[in-house]
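Values below: all heavy atoms of this structure, side chains included; hydrogens, waters and symmetry mates excluded. Just follow the structure's listing: the first ligand is 1, and inside any ligand the first atom is 1. Remember, it's a predicted structure, so these values are computed and weren't measured experimentally. FYI, the numbering just counts along the sequence from 1.
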Amino acid sequence: MLTSLRFERGPQVIPAKFEYFAPTSVEEALGLLAEHGDDAKVLAGGQSLLPVLRMRLNAPEVVVDLGKIDALRGVREDGDAVVVGAMTRHADVATDPLIEQHALLVHQAVHHLADAQIRHRGTFGGALAHADPAGDLGAPALALGAEFVIQGSAGSRTVSADDFFVDLFETAIQEGELLTEIRIPKHTGWGAHYEKFVRVAHQWPIVAVAATVKAEGGTISEARIGLTNMGSTPLRATAVEQALTGQPATDEAVRNACAAAAEGTNPPSDLNGDADYRRHLATVLTRRAVLAAAGI
Ligand SMILES: Cc1cc2nc3c(=O)[nH]c(=O)nc-3n(C[C@H](O)[C@H](O)[C@H](O)COP(=O)(O)OP(=O)(O)OC[C@H]3O[C@@H](n4cnc5c(N)ncnc54)[C@H](O)[C@@H]3O)c2cc1C
């Protein structure tokens, strides 16, 4: 069943007039997106979209609220993956036992994301679809090799994390499509640590590092590292990953390998710090994150 409301035009802190739909299935939502094309905008938890509408940085004629689509909510196991429905709230991801057991890095990062109020409204899929380079979920998704299931009226396709983040606030989701779920390969037994640098609690990260490490018999056999806010998209610290592989799990070996953390990055300069400062932070935070993930 569709619900439609009308919002009237008001002062600048009130969004421009739009028609509101709350479909109860993915098919209904896709039908609305197909009907209204680029006049329509998808609403998830509203924690990023509503400020944009209120400031009138965007003024869609139609808002399609996914909040009543139960099929998009929840965490489940599917073979070697943990699958998170796009509309699962951050607070539910943070307390989910499957996430803690098989995707410890996501468990840690989501606890660092904003404050409790926002974690109870914002959604896992909404944050990833928004693709803010300072968002806390992109780097863990990249480090864990997550896959994004995107559905359109012609069917669904799966996009790797490497291909999902295209540019600043831009993803592989095309007009008329929805992100429906995120599949995270299980990293059961891997150590993990999300190291986030902020000036005050609950802030967006100035820089953050997501590290997950497999250490066996005192040797690092594999490491996967994602960087937050070191470019227009989340980035993998591949030079560090390669340098760590096969190294002894010691402070000295990790310190040497992490010196390359800022290689290939293009961080922004803003009031929180310039690009050089961010490169320095990336090196320090990567070392801290890897040491903690490896239990050193
Ligand atoms: C004060 C404040 C502090 C915050 N601090 C942090 C922080 O420290 N770290 C952090 O990571 N985030 C932070 N956030 C953002 C938070 O994570 C939001 O939850 C997130 O950015 C957007 O998720 P949402 O569910 O609210 O999506 P919405 O705001 O509803 O949507 C965001 C965008 O994604 C699109 N979209 C949403 N869902 C889908 C879908 N399924 N398919 C296709 N497109 C979709 C929407 O059309 C919109 O363009 C903060 C937000 C606020 C207001």
Which of the ligand 1 atoms, numbered from 1, are nearer than 4.0 Å to a heavy atom of [X]:
X: Gly135; answer: 11 (O)
X: Leu178; answer: 42 (N)
X: Gln47; answer: 18 (C), 19 (O), 26 (O), 29 (O), 53 (C)
X: Lys196; answer: 8 (O)
X: Gln203; answer: 8 (O)

| message | Using the side-chain contact (heavy atoms from CB on, under 4.5 Å) definition, which of the options Val106, Thr88, Leu105, Asp92 pairs with Ile99? | response |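 By the side-chain contact (heavy atoms from CB on, under 4.5 Å) criterion, Ile99 pairs with just one of Val106, Thr88, Leu105, Asp92: Val106.
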So which of [options] gets nearest to [atom], if we judge by its closest heavy atom?
atom: atom 46 (C) of ligand 1; options: Thr228, Ile173, Val42, Leu49; result: Val42
atom: atom 25 (O) of ligand 1; options: Thr123, Thr88, Val52; result: Thr123
atom: atom 52 (C) of ligand 1; options: Ile118, Asp115, Ile69; result: Ile118

Taking 4.0 Å as the limit for heavy-atom contacts, which would you say applies to [X] with ligand 1: side chain only, backbone only, both, or neither?
X: His90; result: side chain
X: Gln151; result: neither
X: Met87; result: neither
X: Leu66; result: side chain

| query | How are the rings of Phe148 and Phe164 set to each other: parallel, tilted or perpendicular (split at 30° and 60°)? | reply |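 Phe148 and Phe164: parallel rings.
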| query | Short N/O distance, under 3.5 Å, between Gly46 and ligand 1? | reply |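 Yes: some nitrogen or oxygen of Gly46 is under 3.5 Å from one in ligand 1.
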| field | Under 3.5 Å: N/O of Ala44 near N/O of ligand 1 | value |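 Yes, there is a polar N/O contact under 3.5 Å.
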Looking only at atom types and distance, does a side-chain atom of [X] sit under 3.5 Å from a main-chain N or O of [Y], one as donor and one as acceptor?
X: Glu175; Y: Asp38; result: yes
X: Lys196; Y: Val209; result: no
X: Gln203; Y: Arg199; result: yes

Protein heavy-atom partner closest to [atom] - residue, atom, separation in Å:
atom: atom 21 (O) of ligand 1; result: Ser48 OG, 2.6 Å
atom: atom 33 (C) of ligand 1; result: His130 ND1, 3.8 Å
atom: atom 45 (C) of ligand 1; result: Ala129 CB, 3.5 Å
atom: atom 9 (N) of ligand 1; result: Asp136 OD2, 2.7 Å
atom: atom 5 (N) of ligand 1; result: Ala114 CB, 3.3 Å
atom: atom 15 (C) of ligand 1; result: Trp204 CH2, 3.4 Å
atom: atom 41 (N) of ligand 1; result: Leu179 O, 2.9 Å
atom: atom 24 (P) of ligand 1; result: Gly45 N, 3.5 Å

| query | Does the pair Arg119/Asp115 count as a salt bridge with the N-to-O cut at 4.0 Å? | reply |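 The answer is no: the pair does not qualify as a salt bridge.
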| query | Is the shortest side-chain N to carboxylate O distance from Arg224 to Glu241 below 4.0 Å? | reply |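 Looking at Arg224 and Glu241, the cut-off is not met.
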| Taking atom types as modelled, is there a side-chain donor on Glu216 or Ser221 under 3.5 Å from an acceptor on the other? |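 Yes - a donor-acceptor pair under 3.5 Å links their side chains.
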| query | Would you say the side-chain atoms of His187 and Thr212 include a donor-acceptor pair closer than 3.5 Å? | reply |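 Their side chains do not contain a donor-acceptor pair, so the 3.5 Å distance test is not met.
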| query | Any link between Val110 and Leu144 through a network of hydrophobic side chains (Ile, Leu, Val, Met, Phe, Trp, Tyr) touching at under 4.5 Å? | reply |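 Yes, one cluster joins them.
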| Counting only heavy atoms not in Glu263, do more than 12 sit closer than 6.0 Å to its CD atom? |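 Open.
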Output a table of donor-acceptor pairs, distance under 3.5 Å, between side-chain atoms of residues 281-296 and any protein atom two or more places apart or on a different chain; print 'none' if there are none.
| residue | atom | partner | partner atom | Å |
| --- | --- | --- | --- | --- |
| Thr283 | OG1 | Arg279 | O | 3.1 |
| Thr286 | OG1 | Ala282 | O | 2.5 |

| query | Are Arg89 and ligand 1 in contact, using a heavy-atom cut-off of under 4.0 Å? | reply |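 No.
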| said: Could you walk me through whether Asp96 and Arg76 satisfy the salt bridge (Lys or Arg N to Asp or Glu O under 4.0 Å) test, starting with their C-alpha distance in whole Å, then the side-chain angles of each, then the deciding distance to 0.1 Å, before giving a yes or no? | reply: CA-CA 10 Å; Asp96 192 278; Arg76 64 186 167 86; over 6 Å; no
| field | Residue of the set Gln174, Gln151, Glu177 for which side chain to side chain donor-acceptor pair (under 3.5 Å) holds with Arg157 | value |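 Among the candidates, only Glu177 passes.
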